[in-house]
Undergrad: 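Right, I'll just put the structure down here and ask away after.
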Amino acid sequence: MEKVNQTSSVSEFILLGLSSRPEDQVPLFILFLIIYVVTMTGNLLIILVICSDPQLQTPMYFFLSFLSFTDICFTTTIVPTMLANFLSEKTISYAGCLTQMYFIYALGNTDSFLLAVMAFDRYVAICDPFHYVTTMSHRRCVLLVSFSCSFTHLHSLLHTLLLNHLTFCDSNVIHHFLCDLSPLMKLSCSSTFVNEIVIMTEGPVVLVTPFLFITFSYIRILIAVLKIPSAAGKRKAFSTCGSHLSVVTLFYGSIFYVYLQPLSTYTVKDYIATIVYTVLSSMLNPFIYSLRNKDLKQGLRKLMGNRTFQVAPS
């Protein structure tokens, strides 16, 4: 805390949240509590199904289980603080705010890198199936997951340390429901030049590189699938990618809207897009993957022990 006092006279921040009207607080609390419970339940079920079913011990489901675990941690970083603020004072300590921001960026970018890794897995499975077992060995899968986690934590640490060197003199009111980088920088009474340079150079590289990797992978996949002579073969190949493409579209569509714009244009209109990639995508991912995947639905039936469980056709 001594270092904090040297860099800032602000000991806590006020998160204004989604609404300042008292009559909105209880309905918002109930809504986001339901979202949080559904998110936790859905992602835990995905992890349990994958761990309990020997047929799902493949690289694709290995990556999916880590994606679900990351989504659990990502949502837990954000929603419990929101729930507390709906029913009590909307304050968060200086250290707590920086800690939340660190994990938001670390876990959010881990999601991004895992989606890129899953695209690479689909690329190898469709474009080079005869070498799939050797290319996607267990050791390589572990290394890919380890890199996705460690690199993004270093990226987040860089931004957190740079933010910690800023001075916050007067206002401590954050016009947001979480401790995000841009709203915090707007409150600083010291120069944010270095921070903005890093955001405009290193930030897009970390954010856009996985997306470009995914795009390249799916271009190669599309070319390979179009060469398949039968329509049934094309449908089968595309069916293994549909869930992943849906998640990628939901995640990157909202995150690009928020972060690929100048700091000065960041307004409260970004709330909805931020909610989509921080809260809703983590809730919807289990449904997107399970409803379109026969193996996961079969594993869920086994886990629940209910032979009469009805599932929608793929």
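These values consider heavy atoms only, across backbone and side chains, with no hydrogens, waters or symmetry-generated copies.
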Undergrad: Please say yes or no: joined through hydrophobic side-chain contacts below 4.5 Å, possibly via intermediate residues, are Phe168 and Leu161 part of one cluster?
TA: yes

Undergrad: Tell me if the CD atom of Gln55 is crowded by more than 12 foreign heavy atoms within 6.0 Å.
TA: no

Undergrad: Measuring only between side-chain heavy atoms, which start at C-beta, is Ser112 closer than 4.5 Å to Phe251?
TA: yes

Undergrad: Taking it one step at a time, do Thr152 and Thr110 satisfy side chain to side chain donor-acceptor pair (under 3.5 Å)?
TA: CA-CA 6 Å; Thr152 54; Thr110 298; 2.7 Å; yes

Undergrad: So do Ser182 and Asp180 actually touch side chain to side chain, heavy atoms under 4.5 Å?
TA: no

Undergrad: Any side-chain donor-acceptor pair under 3.5 Å between Asp121 and Tyr61?
TA: no

Undergrad: Does Leu166 reach the side chain of Met185, with side-chain heavy atoms less than 4.5 Å apart?
TA: yes

Undergrad: How about Met283 and Thr75: do any of their side-chain heavy atoms sit closer than 4.5 Å?
TA: no

Undergrad: First locate atom CD1 of Ile221, then atom CG of Leu245, and finally report the distance between them rounded to the nearest 0.5 Å.
TA: 8.0 Å

Undergrad: Distance check, rounded to the nearest 0.5 Å: Leu178 atom CG versus Thr77 atom OG1?
TA: 10.5 Å

Undergrad: Please list, chain by chain and in numerical order, all residues satisfying ring pair (Phe, Tyr, Trp, His ring centres under 6.0 Å) with Phe66, sequence neighbours excluded.
TA: Phe62

Undergrad: Does Ile14 belong to the same Ile/Leu/Val/Met/Phe/Trp/Tyr cluster as Leu187, with side-chain heavy atoms less than 4.5 Å apart forming each link?
TA: no

Undergrad: Would you say Leu158 and Phe147 are hydrophobically clustered, going by side-chain heavy atoms of ILVMFWY under 4.5 Å?
TA: no

Undergrad: Quick check for you: to the nearest 0.5 Å, what is the distance between Arg122 atom CZ and Cys241 atom SG?
TA: 6.5 Å

Undergrad: Name the one of Ile275, Leu15, Leu28 that satisfies side-chain contact (heavy atoms from CB on, under 4.5 Å) with Phe177?
TA: Ile275

Undergrad: Under the ring pair (Phe, Tyr, Trp, His ring centres under 6.0 Å) rule, what pairs show up with a residue in residues 23-45, not counting sequence neighbours?
TA: Phe32-Phe86

Undergrad: Judged by atom type as modelled, is there a donor-acceptor pair below 3.5 Å linking the side chain of Asn109 to the main-chain atoms of Tyr105?
TA: yes

Undergrad: Do His176 and Leu184 come within less than 4.5 Å of each other through their side chains, counting heavy atoms only?
TA: no

Undergrad: Using modelled atom types and a 3.5 Å cut-off, is there a donor and acceptor pairing between side-chain atoms of Thr70 and backbone atoms of Asp111?
TA: no

Undergrad: Going from CG on Leu280 to OG1 on Thr274, what distance comes out if it is rounded to the nearest 0.5 angstrom?
TA: 11.0 Å

Undergrad: Is there side-chain contact between Ile174 and Cys97, with at least one heavy-atom pair below 4.5 Å?
TA: yes

Undergrad: Does the Asn43 side chain pair with the main chain of Thr39, one donor and one acceptor, at a distance under 3.5 Å?
TA: yes

Undergrad: Is a side-chain donor or acceptor of Thr91 paired with a backbone partner of Phe13 at a separation under 3.5 angstrom?
TA: no

Undergrad: Going by atom types alone, do His159 and Tyr102 pair a side-chain donor with an acceptor below 3.5 Å?
TA: no

Undergrad: Can you tell if the side chain of Lys90 reaches within under 4.5 Å of the side chain of Gln25, non-hydrogen atoms only?
TA: yes

Undergrad: Is there a chain of hydrophobic side chains (I, L, V, M, F, W, Y, each step under 4.5 Å between heavy atoms) that links Val133 to Val124?
TA: no

Undergrad: Can you tell me which residue among Pro210, Ser68, Ser148 is in a side-chain contact (heavy atoms from CB on, under 4.5 Å) with Leu114?
TA: Ser148

Undergrad: Could you check whether the rings of Phe113 and Phe151 sit parallel, tilted or perpendicular, using 30° and 60° as the cut-offs?
TA: tilted

Undergrad: Could you give all pairs that pass the ring pair (Phe, Tyr, Trp, His ring centres under 6.0 Å) test and reach residues 178-221, with sequence neighbours left out?
TA: Phe211-Tyr252, Phe211-Phe256, Tyr218-His244

Undergrad: I need the Ile78 CD1 to Leu83 CG distance, nearest 0.5 Å.
TA: 11.5 Å

Undergrad: Side chains of Asn195 and His165: closer than 4.5 Å at any heavy-atom pair?
TA: no

Undergrad: To the nearest 0.5 Å, tell me how far Tyr123 OH sits from Arg220 CZ.
TA: 4.0 Å

